[in-house]
Amino acid sequence: MRKSKKLIFLALLILIGLSSTSCVKRRLASLEKSRVERDMQENISPLTESFYPDKIAEFSEEKYLKWFKALKGPAKLKLPAPQEPKKLTKAEMVEDFEYLFAELKENYPFFGVLDRKYDIDFLANHDIYLARIKSCENDQDFIDAMTEIMGQLHNYHAKIADRAYVQTTLSYYSQNWNQPSIYYEFINLNRQAVRNRYDLEGVQSRANSGKIRRKKSGDAKTAANLSLTSEGDLAILKVSQMLDDKSIEKDEEILDEFLRNKHLYKGLVIDIRDNVGGNMEYWKNFLLPKLITEPKQVTNHMFFKDSAKTRLLLSDDTINVEKLSNVDITGIKLDHAEDLKDFAYYIKDIVAINPDESKKDNGYEGKIFLLVDKDVFSAAEGFASFIKHTELATIVGSQTGGDGITLGVINSVLPNSGLVYTYTNTLGYAPDGTINEENPTTPDIETGTYRQSLQSIESQIQN
C-alpha cells in the first residue's frame, strides 16, 4: 500500500515538473480556463465531451453558433435507446402543426408559384388545415394529415420524411461536423423524439471526415448507378442518381470505358429520366468535366427570406451571400419580381465547368443528347437547366419536374411527434430570368416514349 502511494506521489511530482517548465503552457491554460468559465456562465460548453441532442432545441441561432465555433471536434452524442413513441394529445398535434406552418411561412419560397400554378393560397388555408388536424384521433391520423398538408405545396422537396430517408440523411451528415447548418440538422435528427418515432439508434459524427454538400434530394448509394449500353451508332449512359463525390468510383470506371471507345459512336445519349436528384457535384465535378472539350458557364440567381434557418444556412463561410438591400437587381430580368418583397438575401450563383484534361481519353466531340421526363428533379434538374442554357446538348423527352436551382433540402423536426419534415428555402431563377420551379426545363424535341426519343435522336445524327 505504501509502495503504491509512493508511486502515485512520484508520478504527480513528474507531472507537476513537466507542467511548470513552460510559461506559455500556463498562459494558454489560464486563457482556456477563463474562456470555459465565461462560456459556462452562459450555459455553453465549448469542449462538449458529451451532448444530449435534445438540448439543441434550447439554443437560439446566436447561442448555437457560439457553441459550434467553440468546438474542437464533434460532440460525443448521448443517445439513449429508442422507445415506443408516446401517443400524441390533441394539443400536441395542434402545437406541431402550428410549428410547421410558422416555419414554412418564414422560409418557404414558392407560395407565389403555388398560387399561380395550382390556385392554392397555402397561407390563407391555415384554418382549413388546422381543422383537419383537430379531427385526428390518433398518431397515424396526424401523420396522414400532415402528409396531405405538405402535399398541398406540390413540391418534391416538401414532405414528411420516412424512416429510410432519416436514416440515410443521418449517415450522410455524419461525415461532416464543421459546417454549422449541416451539423445543427445532424444533431436535431438525433433527438430522442425523432429516434423514438422512427425507431433509430442514432449516429455519431465521424471526426476525420471532410466537408460535404447539402443534399438536394434522393438517397446516397454506393453501387454503380451509371450504366453504359448501345443502340446502333448511339452510346447510352443511364444516370440513375446524382451521387456524392465519395461514391463515384464504379461510375468513373464505366464513364472511362465509354471514353476509351468513343470513336465507335456517332452520338452520346445521357439518360436522366426518373432521376430525382442527389448532389450537384456529381455532374459539376465528375460527369461534365470528363465529357466537355471547352469551358461552359451559366449564372443563376438565388433569393432567401430572412429567418433563423436562413441565417444559419448562410453562415457557412463557403457561401458568398449578400443582403438583397445592398444589391441592385434592377438590371436583371426576373419574372414575377413581386415575389421578392418578402426576401432578404441574394446569391449570384455562377456555375463554371472546365474540361478535365487529366486523362488523354477525356472529352467527347460528337453530338450529345439529354433524355428527360417529368420525374427529373432537384440536382438532376439543375443539370438539365445547365445543359439547356449552355446549349451543350439537344434535350429530348418531356418537361422536367423543376426546383433544380437551390442550395438544398432543409431538414426540420416537429417538437412533440418527432416527425421530420423537409423543404427548400431557395427561390431559384434560371439565367433567362424564369423561376425554375415554375418553369422547369422544356425539351428541344418533345417525345412521348423512350422509343420515340431514340428514333428522333437517330434521325438527328444522320443529318
Side-chain angles (χ1 to χ4, degrees), residues 53 56-57 82 84-111 114 118 120 122-123 125-126 128-173 184-200 202 214-220 276-278 309 375 377-378 401 403 406 408-426 437:
I56 200 74
E84 186 74 20
K86 66 175 184 178
K87 294 181 180 179
L88 297 170
T89 65
K90 294 270 190 180
E92 288 173 332
M93 294 178 188
V94 169
E95 183 182 358
D96 273 8
F97 163 74
E98 296 289 6
Y99 185 94
L100 175 143
F101 195 88
E103 183 171 324
L104 290 176
K105 184 177 181 179
E106 286 185 347
N107 294 278
Y108 192 68
F110 298 132
F111 291 127
L114 183 66
Y118 299 98
I120 294 176
F122 188 87
L123 297 179
N125 288 343
H126 171 273
I128 297 173
Y129 302 145
L130 179 59
R132 174 73 175 87
I133 296 300
K134 287 182 176 179
S135 71
C136 295
E137 296 295 331
N138 52 54
D139 286 19
Q140 190 57 55
D141 284 352
F142 175 70
I143 294 170
D144 292 343
M146 293 296 280
T147 300
E148 291 170 9
I149 291 168
M150 290 295 281
Q152 286 280 293
L153 294 172
H154 290 274
N155 180 278
Y156 186 84
H157 283 137
K159 58 188 176 183
I160 300 296
D162 60 19
R163 185 180 188 277
Y165 174 86
V166 178
Q167 179 69 37
T168 300
T169 302
L170 275 171
S171 178
Y172 181 64
Y173 281 5
Y184 179 92
E185 290 184 7
F186 172 73
I187 295 176
N188 211 25
L189 295 182
N190 267 301
R191 283 166 59 180
Q192 190 71 39
V194 176
R195 295 186 300 104
N196 289 350
R197 177 63 56 186
Y198 294 98
D199 190 25
L200 297 171
R214 181 175 288 273
K215 290 173 67 176
K216 288 359 181 225
S217 190
D219 298 325
V276 296
K309 288 281 186 183
D375 294 319
F377 191 76
S378 196
D403 201 10
T406 175
V409 177
I410 302 297
N411 299 279
S412 287
V413 173
L414 295 178
N416 297 308
S417 63
L419 287 172
V420 173
Y421 59 101
T422 68
Y423 61 92
T424 178
N425 69 343
T426 310
E437 168 67 0

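Quick note: residue numbers are just sequence positions, from 1.
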**Q** Between Asn425 and Tyr108, is there a side-chain heavy-atom distance shorter than 4.5 Å?
**A** no

**Q** On a heavy-atom basis, which atom in Asn196 and which in Pro85 lie closest, and how many Å separate them?
**A** O-CD, 3.5 Å

**Q** Cation-pi between Lys159 and Tyr165: NZ/CZ under 6.0 Å from ring centre and within 45° of the ring axis?
**A** yes

**Q** Nearest heavy-atom pair of His157 and Ser378: which atoms, and what distance?
**A** NE2-OG, 2.8 Å

**Q** Measure the shortest side-chain to side-chain distance between Lys309 and Tyr423 over non-hydrogen atoms and say whether it is less than 4.5 angstrom.
**A** yes

**Q** Leu104 versus Met150: any side-chain heavy-atom pair under 4.5 Å?
**A** yes

**Q** List the atom of His154, the atom of Leu114, and the distance in Å for their closest heavy-atom pair.
**A** CD2-CD1, 4.0 Å

**Q** Taking Phe377's backbone N and O only, do any of them form a donor-acceptor pair with Asp403's side chain (distance below 3.5 Å, no angle check)?
**A** no

**Q** Would you name the heavy atoms of Pro415 and Ala193 that are closest together and state the gap between them?
**A** O-CB, 4.4 Å

**Q** Report yes or no: do Asn155 and Glu437 form a side-chain donor-acceptor pair below 3.5 Å?
**A** yes

**Q** How long is the span from the SG atom in Cys136 to the CG atom in Asp144, to the nearest 0.5 Å?
**A** 8.0 Å

**Q** Which atoms form the tightest heavy-atom contact between Thr426 and Pro109, and what is the distance?
**A** O-CG, 3.5 Å

**Q** Are Glu92 and Ser417 close enough that some pair of their side-chain heavy atoms sits under 4.5 Å apart?
**A** no

**Q** Main chain of Pro53, side chain of Arg191: is a donor-acceptor contact present, judged purely on distance under 3.5 Å?
**A** no

**Q** So does Ile133 get a backbone contact from the side chain of Lys90, meaning a donor-acceptor N/O pair under 3.5 Å?
**A** no

**Q** Whether the side chain of Asn107 engages the backbone of Glu103 through a donor-acceptor N/O pair (distance < 3.5 Å, no angle test) should be reported.
**A** yes

**Q** Within a strict 4.5 Å, meaning less than it, do heavy atoms of the Thr169 and Glu185 side chains meet?
**A** no

**Q** Do side-chain atoms of Thr147 reach the backbone of Ile143 as a donor and acceptor pair under 3.5 angstrom?
**A** yes

**Q** Would you please name every residue forming a side-chain hydrogen bond (donor to acceptor under 3.5 Å, both in side chains) with Glu148, sequence neighbours left out?
**A** Arg132

**Q** Kindly say whether the aromatic ring centers of Phe97 and His126 come within a distance under 6.0 Å.
**A** yes

**Q** Does a side-chain heavy-atom distance below 4.5 Å link Asn138 with Lys87?
**A** no

**Q** When rounded to the nearest 0.5 angstrom, what distance separates CD in Gln152 from CD1 in Ile120?
**A** 4.5 Å

**Q** Quick one: CG on Leu414 to CG on Leu419, what's the gap to the nearest 0.5 Å?
**A** 5.5 Å

**Q** Going from CG on Asn190 to CG on Leu170, what distance comes out if it is rounded to the nearest 0.5 angstrom?
**A** 5.0 Å

**Q** Against Tyr421, only a single residue in Ile410, Asn411, Ile160 fulfils side-chain contact (heavy atoms from CB on, under 4.5 Å); can you say which?
**A** Ile160

**Q** About how many Å separate CZ of Phe142 and OG of Ser135, when rounded to the nearest 0.5 Å?
**A** 11.5 Å

**Q** Less than 4.5 Å apart, any side-chain heavy atom of Asp139 and any of Arg197?
**A** yes

**Q** What residues, two or more places apart in sequence or in another chain, satisfy side chain to side chain contact (heavy atoms under 4.5 Å, CB included) together with Lys134?
**A** Val94, Leu130

**Q** CG/Asp162 to OG1/Thr168 distance, rounded to the nearest 0.5 angstrom?
**A** 8.5 Å

**Q** Minimum heavy-atom separation for Asn416 to Lys86, with atom names?
**A** O-CE, 4.1 Å

**Q** According to ring pair (Phe, Tyr, Trp, His ring centres under 6.0 Å), who are the partners of Phe122, at least two apart in sequence or on a separate chain?
**A** Phe101, Phe111, Tyr129

**Q** Do side-chain atoms of Arg163 reach the backbone of Tyr198 as a donor and acceptor pair under 3.5 angstrom?
**A** yes

